[in-house]
Amino acid sequence: MCSPSWRAVRRRIGRCTRSGVGGTSGKPRSRRGGASTARRHTTARSNHWRPRCGTSSTRRPAGARAGAWAGPNTGSKRRGTPRFAYTTGSFGLVEGDPKRLKLPRVGRVHCMEDIARRVGDAKVVRMSVSKRAGRWYASLTVERDTPTAPAAPRGGGVGVDLGVKALAALSDGTVVPNPRHMSGSLRRLAHAQRVLSRRREGSNRWWKARTRVQRIHARIADQRRDGLDKLTDRLTRTYTDIAIEDLNVAGMVKNHRLARAVADCGFAELRRQLVYKSMRTGARVHVINRWYPSSKTCSNCGTVKAKLSLNERTYHCDACGFRIDRDLNAAINIEKRIVAPSAEETLNARGGDVRHDRRKPAAQTPAKREPSSHNNGMRLGASLGNETVQTTTD
């Protein structure tokens with residue numbers, strides 16, 4: 001992924017819009033209603049649709065166009081993302097210049113990254129160019145041989161407890177602080193949005209203010225993604241088994257007091273990166289059932305507390321008197337689920353045990369009572385279709 005500042009790309013899009021040229025190879029494509037069709041429609045209107053003499057009637061027969069055909073409908077120019085792709089033609093890397101790309105009808109453009117080092121000996125089969133927050137990005141699809149199966153790391157197992165105060169607490173005592181990128185840029189973002197609201201929509205100053213707001217959002221997203229990349233890369237390269245909880249993020253963001261802080265953490269993105277990076281390094285990702293009381297369980301004796309409020313940051317066991325940090329205690333309990341997982345149980349819609357024998361006492365109610373997620377909601381425990389992920393239910 002590279003982010004050049006391409007003026008030539010803008011000129012290329014302008015030429016394609018004016019001349020009706022598009023496609024992946026940069027060649028003119030014949031589509032329904034092209035230039036010749038527009039000429040035919042113009043001729044038909046001049047012969048068959050003429051207003052009556054001495055009247056101002058502008059009635060047209062059914063199906064007639066109001067004007068010349070202006071090209072295919074590519075969506076809203078304001079809401080859409082300008083993008084195009086190349087699959088054929090002369091495109092790709094430039095020999096002798098590792099930071100330059102060759103685009104048909106545009107020429108050679110300079111990029112901000114060493115593309116040749118990232119591509120290596122692979123074959124470039126597709127190049128997609130898109131614009132986001134005022135900057136252009138090129139994404140290369142390469143084809144290379146299947147790598148050999150990597151050897152699993154030798155760091156043992158680790159439990160990861162995700163949270164808002166600390167982004168992640170590991171069972172070995174490591175605490176990853178929450179950078180809170182959104183909170184750090186909230187003042188600048190609010191000022192830019194106020195400036196945008198005072199501009200006349202569609203004016204040049206409105207477009208500049210809108211781009212400024214987009215760049216602030218893009219910077220926050222890039223900072224969050226960079227931090228998660230470094231964290232997941234360290235976990236998958238160090239530990240053999242990684243255990244995380246199956247969090248109901250869609251239910252957590254319904255709390256208007258914590259919605260911004262939860263969304264700023266990026267729990268779903270962290271889970272996604274752990275899954276695909278573990279396939280490259282040979283590590284295994286274990287997903288612990290969300291109803292397992294990791295925070296209420298004592299990591300020393302196994303006693304489960306009936307209630308534990310969020311403001312209690314230090315866990316104190318009433319049975320054995322053990323005192324430990326709340327997040328560290330949860331991470332240790334999550335790691336224990338890797339070593340000795342219990343037998344799987346049948347779970348109903350609320351996560352409680354299903355009773356098959358009515359003569360027995362009522363089954364245990366779930367320890368965590370969070371709102372259920374919708375089908376279209378963001379959920380950290382959604383199925384990702386990866387065989388590396390192992391789910392442990394309790």
Practice prompt. Kindly give the heavy-atom pair with the smallest separation between R83 and S130, and that separation in Å.
Written response: CB-CB, 3.9 Å
Worksheet item: Is there side-chain contact between V253 and V249, with heavy atoms separated by less than 4.5 Å?
Response: yes
Discussion item. Has R144 got a side-chain atom pairing as donor or acceptor with V119's backbone, closer than 3.5 angstrom?
Written reply: yes
Worksheet, complete the sentence: Closest non-hydrogen contact found for T240 with G155 is OG1-N, 3.8 Å
Discussion item. Applying salt bridge (Lys or Arg N to Asp or Glu O under 4.0 Å) to K277 and D229, what does each step give before you reach the verdict?
Written reply: CA-CA 10 Å; K277 289 183 179 181; D229 266 317; 3.0 Å; yes
Practice prompt. Say whether, by atom type as modelled, one donor and one acceptor occur between the side chain of Y86 and the main chain of P104 under 3.5 angstrom.
Written response: yes
Worksheet item: Say you draw a straight line from CG of L196 to NZ of K208; how long is it, rounded to the nearest 0.5 Å?
Response: 14.0 Å
Practice prompt. Test D241 against H286 for side chain to side chain donor-acceptor pair (under 3.5 Å), laying out the working first.
Written response: CA-CA 7 Å; D241 296 275; H286 303 263; 2.9 Å; yes
Practice prompt. Show the numbers, then the answer: is there a salt bridge (Lys or Arg N to Asp or Glu O under 4.0 Å) between E245 and R290?
Written response: CA-CA 6 Å; E245 277 189 303; R290 69 175 59 175; over 6 Å; no
Worksheet entry | Partners passing side chain to side chain contact (heavy atoms under 4.5 Å, CB included) against V175 (at least two apart in sequence or in another chain) | A166
Practice prompt. State plainly whether one hydrophobic cluster holds both L140 and V106, where clusters connect Ile, Leu, Val, Met, Phe, Trp and Tyr through side-chain heavy atoms under 4.5 angstrom apart.
Written response: yes
Response to the item:
T211 and G134 have their tightest heavy-atom pair at CG2-CA, 4.2 Å
Worksheet, complete the sentence: In S171, S299, S294, the residue satisfying side chain to side chain donor-acceptor pair (under 3.5 Å) with E335 is S171
Item to complete: Could you list the residues that satisfy side chain to side chain contact (heavy atoms under 4.5 Å, CB included) with A168, not counting sequence neighbours?
Response: V160, L162, V176, L231
Discussion item. My understanding is that only residues two or more places apart in sequence, or in another chain, count here; which of them pass side chain to side chain contact (heavy atoms under 4.5 Å, CB included) with L186?
Written reply: M182, R260
Practice prompt. Consider only side-chain N and O atoms of R224 and H181, and report whether a donor and an acceptor are under 3.5 Å apart.
Written response: no
Worksheet item: If you take all heavy atoms of E113 and K99, which pair is closest and at what distance?
Response: O-CG, 3.3 Å
Item to complete: Provide the full list of salt bridge (Lys or Arg N to Asp or Glu O under 4.0 Å) pairs with a residue in residues 297-306, sequence neighbours left out, each pair given once.
Response: none
Worksheet item: N311: what forms a side-chain hydrogen bond (donor to acceptor under 3.5 Å, both in side chains) with it, not counting sequence neighbours?
Response: S309
Worksheet item: Hey, is CZ on R215 packed in by over 12 heavy atoms from elsewhere, all under 6.0 Å?
Response: yes
Discussion item. Is there a side-chain contact between W207 and R199 in this structure, where contact means two heavy atoms from C-beta onward sitting under 4.5 Å apart?
Written reply: no
Fill in: Nearest heavy atoms of A261 and C265, plus distance in Å
O-SG, 3.2 Å
Worksheet item: Step by step, would you call R280 with D233 a salt bridge (Lys or Arg N to Asp or Glu O under 4.0 Å)?
Response: CA-CA 10 Å; R280 300 177 180 178; D233 189 72; over 6 Å; no
Discussion item. Is there a side chain to side chain donor-acceptor pair (under 3.5 Å) between N333 and T297? Walk through the geometry before answering.
Written reply: CA-CA 7 Å; N333 290 327; T297 304; 4.8 Å; no
Worksheet item: Considering only heavy atoms from C-beta outward, does the side chain of L228 approach that of L167 to under 4.5 Å?
Response: yes
Fill in: Shortest non-hydrogen separation from A152 to G282 and the atoms involved
CB-O, 3.6 Å
Discussion item. Once side chain to side chain contact (heavy atoms under 4.5 Å, CB included) is applied, do any residues pair with E95, and if so which ones, sequence neighbours excluded?
Written reply: none
Worksheet item: Less than 4.5 Å apart, any side-chain heavy atom of R326 and any of L328?
Response: no
Worksheet item: What distance separates D264 CG from S185 OG, expressed to the nearest 0.5 Å?
Response: 9.0 Å
Discussion item. N300 vs Y315, test: side chain to side chain donor-acceptor pair (under 3.5 Å). Steps then yes/no.
Written reply: CA-CA 11 Å; N300 185 36; Y315 182 88; over 6 Å; no
Worksheet item: Can I244 and R271 be said to form a side-chain contact (heavy atoms from CB on, under 4.5 Å), step by step?
Response: CA-CA 8 Å; I244 59 176; R271 161 80 177 272; 3.5 Å; yes
Discussion item. Quick check on R237: does its CZ atom have over 12 non-hydrogen neighbours (other residues, nucleotides or ligands) under 6.0 Å away?
Written reply: no
Worksheet item: What do the steps show when you test V124 against T141 for side-chain contact (heavy atoms from CB on, under 4.5 Å), and what is the final call?
Response: CA-CA 6 Å; V124 180; T141 304; over 6 Å; no
Discussion item. Does atom CZ (R200) have a neighbourhood of more than 12 heavy atoms from anything else shown, all under 6.0 Å?
Written reply: no
Practice prompt. Identify whether the distance between the nearest side-chain nitrogen and carboxylate oxygen of D114 and R118 falls below 4.0 Å.
Written response: no
Discussion item. Do T87 and V125 have side chains that approach each other closer than 4.5 Å (heavy atoms only, starting at C-beta)?
Written reply: no
Fill in: Test item: S278 side-chain N/O and V275 main-chain N/O as donor-acceptor pair under 3.5 Å
yes
Discussion item. In the structure I gave you, are the side-chain heavy atoms of F91 and M127 within less than 4.5 Å of one another anywhere?
Written reply: yes
Worksheet entry | Contact check, side chains of R219 and R188, non-hydrogen atoms, under 4.5 Å | yes
Discussion item. Could you check whether atom NE2 of H191 has more than 12 heavy atoms from other residues, nucleotides or ligands sitting under 6.0 Å from it?
Written reply: no
Worksheet item: Just by distance, do the side chain of R323 and the backbone of T314 share a donor-acceptor pair under 3.5 Å?
Response: no
Practice prompt. In sequence, state the C-alpha distance, the side-chain angles, and the governing distance for D327 and R313, and then conclude on salt bridge (Lys or Arg N to Asp or Glu O under 4.0 Å).
Written response: CA-CA 8 Å; D327 298 334; R313 306 312 305 175; 3.2 Å; yes
